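Okay, structure first, notes after.
Since we're looking at a predicted model, the values are computed, not measured.
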Protein chains: 4
Amino acid sequence: MRKIDINKKQKENSLLKTAFEFFTTKGFSKTSISEIVSKAGVAKGTFYLYFKDKYDIRNKLIYHKASQIFRTAAQSVEAEKNKLSFEDKLMKLLDNIIDQFSKDKVLLNFISKNLSWGIFKNAIFNKNTEDDIDFRKVYSDMLNEAPYEFKEPEIMLFMIIELVSSTCYSAILYSEPCGLDTLKPYLYNAIRLIIDQHRGELKAASNEISSNDQGQKIC
Amino acid sequence: MRKIDINKKQKENSLLKTAFEFFTTKGFSKTSISEIVSKAGVAKGTFYLYFKDKYDIRNKLIYHKASQIFRTAAQSVEAEKNKLSFEDKLMKLLDNIIDQFSKDKVLLNFISKNLSWGIFKNAIFNKNTEDDIDFRKVYSDMLNEAPYEFKEPEIMLFMIIELVSSTCYSAILYSEPCGLDTLKPYLYNAIRLIIDQHRGELKAASNEISSNDQGQKIC
Amino acid sequence: MRKIDINKKQKENSLLKTAFEFFTTKGFSKTSISEIVSKAGVAKGTFYLYFKDKYDIRNKLIYHKASQIFRTAAQSVEAEKNKLSFEDKLMKLLDNIIDQFSKDKVLLNFISKNLSWGIFKNAIFNKNTEDDIDFRKVYSDMLNEAPYEFKEPEIMLFMIIELVSSTCYSAILYSEPCGLDTLKPYLYNAIRLIIDQHRGELKAASNEISSNDQGQKIC
Amino acid sequence: MRKIDINKKQKENSLLKTAFEFFTTKGFSKTSISEIVSKAGVAKGTFYLYFKDKYDIRNKLIYHKASQIFRTAAQSVEAEKNKLSFEDKLMKLLDNIIDQFSKDKVLLNFISKNLSWGIFKNAIFNKNTEDDIDFRKVYSDMLNEAPYEFKEPEIMLFMIIELVSSTCYSAILYSEPCGLDTLKPYLYNAIRLIIDQHRGELKAASNEISSNDQGQKIC
DNA sequence: TATGAATGAGATTTCATTCAT
DNA sequence: AATGAATGAAATCTCATTCAT
């Protein structure tokens, strides 16, 4: 990377960092571009060289942060990939995410307040930059590795994510109606029940992974 | 009510109605008080006689609308109160609410975008005006009439409400990841599973509901 | 006085009292009629039954307070009327006024900030209500009783009053450039010098008191 | 100075000039920032680039104008610096100031209405911009050059300034209680008397001013 | 007399965005 | 690429005063 490009990247990062600070402390609509640029140490006009407008920088932040969370969680599962069942992998993934948020309430608040399923899906299901993880692939790999078929796996994931995100948001930030620790057993049990209701037949052995052990197949 | 009070109520309603129109079509932050008052046909200063600021009128709208939805739903259950089991009553209540929202997407959007468990709890668990329904009482009546004890009934309601509201929001408004009709069977099944996990022991017979098995009573 | 008139007087006094409180603590332009009436316990419209507008109540307050100060001072001199020389009477009068102000800085601030020679002259040289003192008469009596003529007595009084009021204002309220005690000797000496420069000839015996000893006149 | 800085100075001056016009004709509180900017031909936001608020521009005007007056007066004395006695220099200074005000009643009114010893002292005793004159130095130079010591020279100056400003204000603007010409002889005489009462001992001869009467020196 | 709801012009201030430098 | 002065529409909010009751 040329020196000038490094410089540009630094400016952009400085703006992103500062914007995040203000958005999380003062809120999006009460943060002005003026504040961001003066704290970031660049001129007003410069802001518009890097971002289309205020909404642009917010969305880029959400993408960035959400993707960071998922990458970390995915890595934690990766290690034990082959030892865990599908359910356990998914639970571990969720537990890791919840853990990250409970340790970073500011980020939770920011993402929650600005999250819609649309932006969210975009953030985790599409690669926006080279570093971003492709969560769609992670999930479909997990499904493929599972011994069962799942009915409507997207709906299943959707329900789980919505249940987790909305209940944990309230439990972590406001302890409403109870703290995270009280909530967890009920929540995790509910998730397993939801997975159960979507679990279908045992898979027929797939070609790729068991082309040579067809003998075991019974069906 | 004196003529002047009727007039005041009309002014307030006119402002609420107009504000709701703008908030739902243009969005909260893009709606100005100037627009509201000029459409409502009152002077700018008059707005401030009724509401502290823009946030105040928004919160009052949420209270008002949320409470309206719940009152309607509660009334629909009231009729068959004694014929239905606890589960069926709760499911009917939820179904009625989902139904109302699916018919009034504008309202759903408005309430969802501005809803937090805090405001929500306030709206349905506290009477703000005389007309407001006391949802807490409705729920606790339902619990009392059930033959079973429930473990942590507040957490149960919380999980159900969060699951329903966040999944339906996305399904009704954006058909994401699927339409409401596709979602419903999975969602309703999930709800019943959640209720199941919270159901506890059979209650000791109480006076009202078991006048004919007093013999079992020991006390 | 009829009961209804007493009631009216009470309302007016309550408004005056409250307005004075706010004017002296928040300042004239930052005090709103709303605040005054709500503290005074009357309706907004009622204010306009007693006062033309905000300026009207301020002027009435100034008249009232200024006249009060002068009445008190005049009374303190009255007792020793015949024992003191003109100079001493005037000095005692001034000293008493300064004393009152140094004990009531709030009032000093209010009157000073809103004082102009015009309003001031009006306040002390014209009777506004029956209780108000006629300062013009007090001063002219003092002059008549003095054994000397005075050149331009009005200019003399004017210079003294302006010197006293502007220097004491600053000394009492801000100790600028020095406190009142440090200022006093220089100030009082300056006043005596000013009186000196206006003192004229010994008076010819006046008609009333010495109609029969005209022979003494030399002129 | 860069072209852009010249432009900025012009904008600021245009705002100051326009504000002064309105403040002096309509009064401070009846002048709106809207009026100022529209007359000055700049955008409303531009005002806030140069001044914090309405009070800020007023204070800057007072500083500016007061300092202008004193600079002019000081220059008039400078010429005859060595020919005049301390008293005559001070009288000439005051006379020049009074003269300026009597020719510019609008300015007198503006400064007087908004003057307090605090702002005033600030205006003349502190350099606010590079052009501002340091009146403190002018006065202390005058004192140093005088052959006498003065008791409490600051109190002396204070009394003189207060006496002059408050009496002349009324005389020039309202001819109350008399016109300036009638007042002057009495006023100037009073000032000389005040100076007299503060004059102390002859100074021990300093090197510069009394090289030829060293014989009298005892030390 | 007394009330206080209603007025609505107008005040101050903010801020995303542009554009000449 | 970077700047930051300038914009000016628009936002929120105030408040002296009126007038129907």
Can you tell me how far [atom2] of [N] sits from [atom1] of [X], to the nearest Å?
{"X": "D:L15", "N": "E:dT12", "atom1": "CG", "atom2": "P", "value": "14 Å"}
{"X": "A:F47", "N": "E:dC19", "atom1": "CZ", "atom2": "C1'", "value": "18 Å"}
{"X": "D:I36", "N": "E:dA11", "atom1": "CD1", "atom2": "P", "value": "10 Å"}
{"X": "A:F28", "N": "E:dA16", "atom1": "CZ", "atom2": "C1'", "value": "11 Å"}
{"X": "D:I57", "N": "E:dT13", "atom1": "CD1", "atom2": "P", "value": "13 Å"}
{"X": "B:D5", "N": "F:dA20", "atom1": "CG", "atom2": "P", "value": "19 Å"}

Pair up each side-chain donor or acceptor in residues 43-50 of chain B with any protein partner under 3.5 Å, not counting sequence neighbours, and list the distances.
unit_1, atom_1, unit_2, atom_2, d
B:K44, NZ, B:S34, OG, 3.3
B:T46, OG1, B:A43, O, 3.4

Against A:F28, only a single residue in A:F20, A:F110, A:Y55 fulfils ring-ring contact (aromatic ring centres under 6.0 Å, His included); can you say which?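 Testing each of A:F20, A:F110, A:Y55 against A:F28, the sole residue satisfying ring-ring contact (aromatic ring centres under 6.0 Å, His included) is A:Y55.
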Determine which bases of DNA chain E form Watson-Crick or G-U wobble pairs with both distances under 3.5 Å, and write the result as a 5' to 3' dot-bracket string with | for other-strand partners. .||||||||||||||||||||
What pair of heavy atoms forms the shortest contact from B:I111 to B:A66, and how long is it?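 Result for this residue pair: CD1-N, 3.9 Å.
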For B:K26, is there an ion pair with B:E35 - N to carboxylate O distance below 4.0 angstrom?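 Yes, B:E35 and B:K26 are salt-bridged.
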Assess whether a salt bridge exists between D:K8 and D:E12, defined as any Lys/Arg side-chain N lying under 4.0 Å from an Asp/Glu carboxylate O.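 D:E12 and D:K8: not salt-bridged.
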Answer whether the closest heavy-atom distance between the side chains of B:V106 and B:N109 falls below 4.5 Å.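 No, side chains not in contact.
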Exam field: side chain A:T18 to backbone A:S14, donor-acceptor pair closer than 3.5 Å: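 Here the side-chain-to-backbone pair exists.
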Do B:K60 side-chain atoms and B:L16 backbone N/O form a donor-acceptor pair below 3.5 Å?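 Side chain of B:K60 to backbone of B:L16, a donor-acceptor pair under 3.5 Å: no, none is there.
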Nucleotides 5-12 of chain F: protein proximity per nucleotide (B base, S sugar-phosphate only, - neither; heavy atom, under 4.0 Å): -BBB-BSB
